[in-house]
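My structure is below; once you've seen it, I'll send some questions.
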Amino acid sequence: MPEQIIIDTDPGQDDAVAILLALASPDCINVLGITAVAGNVPLDLTVKNARIICELAKKTSMSIYSGCSKPLKRALVTAEHVHGKTGLDGITLPEPSMPIQELHAVDFIIDTIKNNPSDSITLCALGPLTNVAMALLKEPNIAKRVKQIILMGGAYFEVGNITPAAEFNIFVDPEAAKIVFNSGVKITVLPLDVTHKALISEERITAFKEINSPVGDAVAKWTNFFERFDKEKYGSKGAPLHDPCVIAYLIEPNIFDGRYVNVEIETGSELTRGMTVADWWKVTDREPNAMFIGGLDADRFFNLLVERLSKL
Ligand code: RIB
Ligand code: CA
């Protein structure tokens, strides 16, 4: 039985690759809907980009929902400096025509979890956790019914990418992250500690190109565009492909390794706002609340990506 998932996302080139990987894997993933949230770019663009990505994959019957346009308590911080003005810079794709669902994304998340068997729905969160937290606030009972949340966010040994202390998704809405991490839901975190080991390279971009399809061409161009920011910043040989790690974990968890630890979210200090304080060495008696992933087999990860994206 394929995993029944909702993808909550702020596309973003890396979100796009994650969504395509999920849509290319019907043998093990059934995407019930895609919920857009404000993050990398404002909400109107993340919704539009979700439609562009689904049309690229020829999945025009996919249900796409518009969600929260700003964090729970704070002003929105976006990342056009990384993703470009459109959020999908690197290639120009046709204006989308597929519909946006009437239902609000938060209500779709709540209804899906309530109307399906308990312990059957997985939330894959690729952006700020505003939609997910709002669903938990509006309908607290879903915390006991949802199977798990697998999210890209946070950092411990890798420290921050938007501030010295915080990773972007958690930084944008730390109050939402605090609600999610304190919800009691089964959580798996793909932080910068692992995504910074999933580095794009010339060879890996060539492998995407050699898929020789509109999807392969778009992924090659998106990853090439996305790479420039991290290469300038980290001097690394390539950019980290963050969000596809969430979907790859669902498909092949044994590519990854991590520890079940306590993770707390800083919301009080402006200096360390959004820091994920992971008790990796268990130096406190705080209860573990998340599987915190620290490593992966990068070659297996990229081989999985190419193999599955070739199916679209
Ligand atoms: O820090 C990386 C995360 O922030 C990724 O999800 C990227 O898409 C942005 O949302
Ligand atoms: Ca994202």
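Counting starts at 1 for both ligands and their atoms, in listed order.
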Problem - Distance-only polar pair, side chains of Asn161 and Glu167, donor-acceptor under 3.5 Å - result: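 No - no donor-acceptor pair under 3.5 Å links their side chains.
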Handout entry: Residues in ring-ring contact (aromatic ring centres under 6.0 Å, His included) contact with Phe225, at least two apart in sequence or another chain
Key =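 Here no residue qualifies.
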Practice task
Just say parallel, tilted or perpendicular for the rings of His196 and His242, cut-offs at 30° and 60°.
Solution key: tilted
Output a table of donor-acceptor pairs, distance under 3.5 Å, between side-chain atoms of residues 289-298 and any protein atom two or more places apart or on a different chain; print 'none' if there are none.
{"residue": "Asn289", "atom": "OD1", "partner": "Val263", "partner atom": "N", "Å": "2.7"}
{"residue": "Asn289", "atom": "ND2", "partner": "Phe181", "partner atom": "O", "Å": "3.1"}
{"residue": "Asn289", "atom": "ND2", "partner": "Val263", "partner atom": "O", "Å": "3.0"}
{"residue": "Asp297", "atom": "OD1", "partner": "Asp299", "partner atom": "N", "Å": "3.2"}
{"residue": "Asp297", "atom": "OD1", "partner": "Arg300", "partner atom": "N", "Å": "3.0"}

Problem - Heavy atoms of other groups near Met275 CE, more than 12 under 6.0 Å - result: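 Check passes, neighbour count above 12.
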Write none if no such pair exists; otherwise list each N/O atom of ligand 1 with its protein N/O partner under 3.5 Å and the distance.
{"residue": "ligand 1", "atom": "1 (O)", "partner": "Asn161", "partner atom": "ND2", "Å": "2.9"}
{"residue": "ligand 1", "atom": "1 (O)", "partner": "Glu167", "partner atom": "OE2", "Å": "2.6"}
{"residue": "ligand 1", "atom": "4 (O)", "partner": "Asn169", "partner atom": "OD1", "Å": "3.2"}
{"residue": "ligand 1", "atom": "6 (O)", "partner": "Leu126", "partner atom": "O", "Å": "2.9"}
{"residue": "ligand 1", "atom": "6 (O)", "partner": "Asn169", "partner atom": "ND2", "Å": "3.0"}
{"residue": "ligand 1", "atom": "6 (O)", "partner": "Asp243", "partner atom": "OD1", "Å": "2.6"}
{"residue": "ligand 1", "atom": "6 (O)", "partner": "Asp243", "partner atom": "OD2", "Å": "3.0"}
{"residue": "ligand 1", "atom": "8 (O)", "partner": "Asp14", "partner atom": "OD1", "Å": "2.7"}
{"residue": "ligand 1", "atom": "8 (O)", "partner": "Asp14", "partner atom": "OD2", "Å": "3.1"}
{"residue": "ligand 1", "atom": "8 (O)", "partner": "Asp15", "partner atom": "OD1", "Å": "2.9"}
{"residue": "ligand 1", "atom": "8 (O)", "partner": "Asn40", "partner atom": "ND2", "Å": "3.1"}
{"residue": "ligand 1", "atom": "8 (O)", "partner": "Asp243", "partner atom": "OD2", "Å": "3.1"}
{"residue": "ligand 1", "atom": "10 (O)", "partner": "Asp10", "partner atom": "OD1", "Å": "3.3"}
{"residue": "ligand 1", "atom": "10 (O)", "partner": "Asp10", "partner atom": "OD2", "Å": "3.0"}
{"residue": "ligand 1", "atom": "10 (O)", "partner": "Asn40", "partner atom": "OD1", "Å": "3.2"}
{"residue": "ligand 1", "atom": "10 (O)", "partner": "Asn40", "partner atom": "ND2", "Å": "3.2"}
{"residue": "ligand 1", "atom": "10 (O)", "partner": "Asn169", "partner atom": "OD1", "Å": "2.8"}

Handout entry: Tally of protein N, O or S atoms, where distance to the Ca ion (ligand 2) is under 3.0 Å
Key =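 There are 5 of them.
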Practice task
Decide whether Asn49 and Thr46 meet the rule of one side-chain donor and one side-chain acceptor closer than 3.5 Å.
Solution key: no
Practice task
Determine whether more than 12 heavy atoms belonging to other residues, nucleotides or ligands lie under 6.0 Å from atom CG of Leu137.
Solution key: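 Correct, the count exceeds 12.
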Exercise for the section: State, with a plain yes or no, whether a side-chain heavy atom of Thr130 is found less than 4.5 Å away from one of Leu72. Expected result: yes
Practice task
May I ask you to say whether Lys178 pairs ionically with Asp173, meaning some side-chain N is under 4.0 Å from a carboxylate O?
Solution key: no
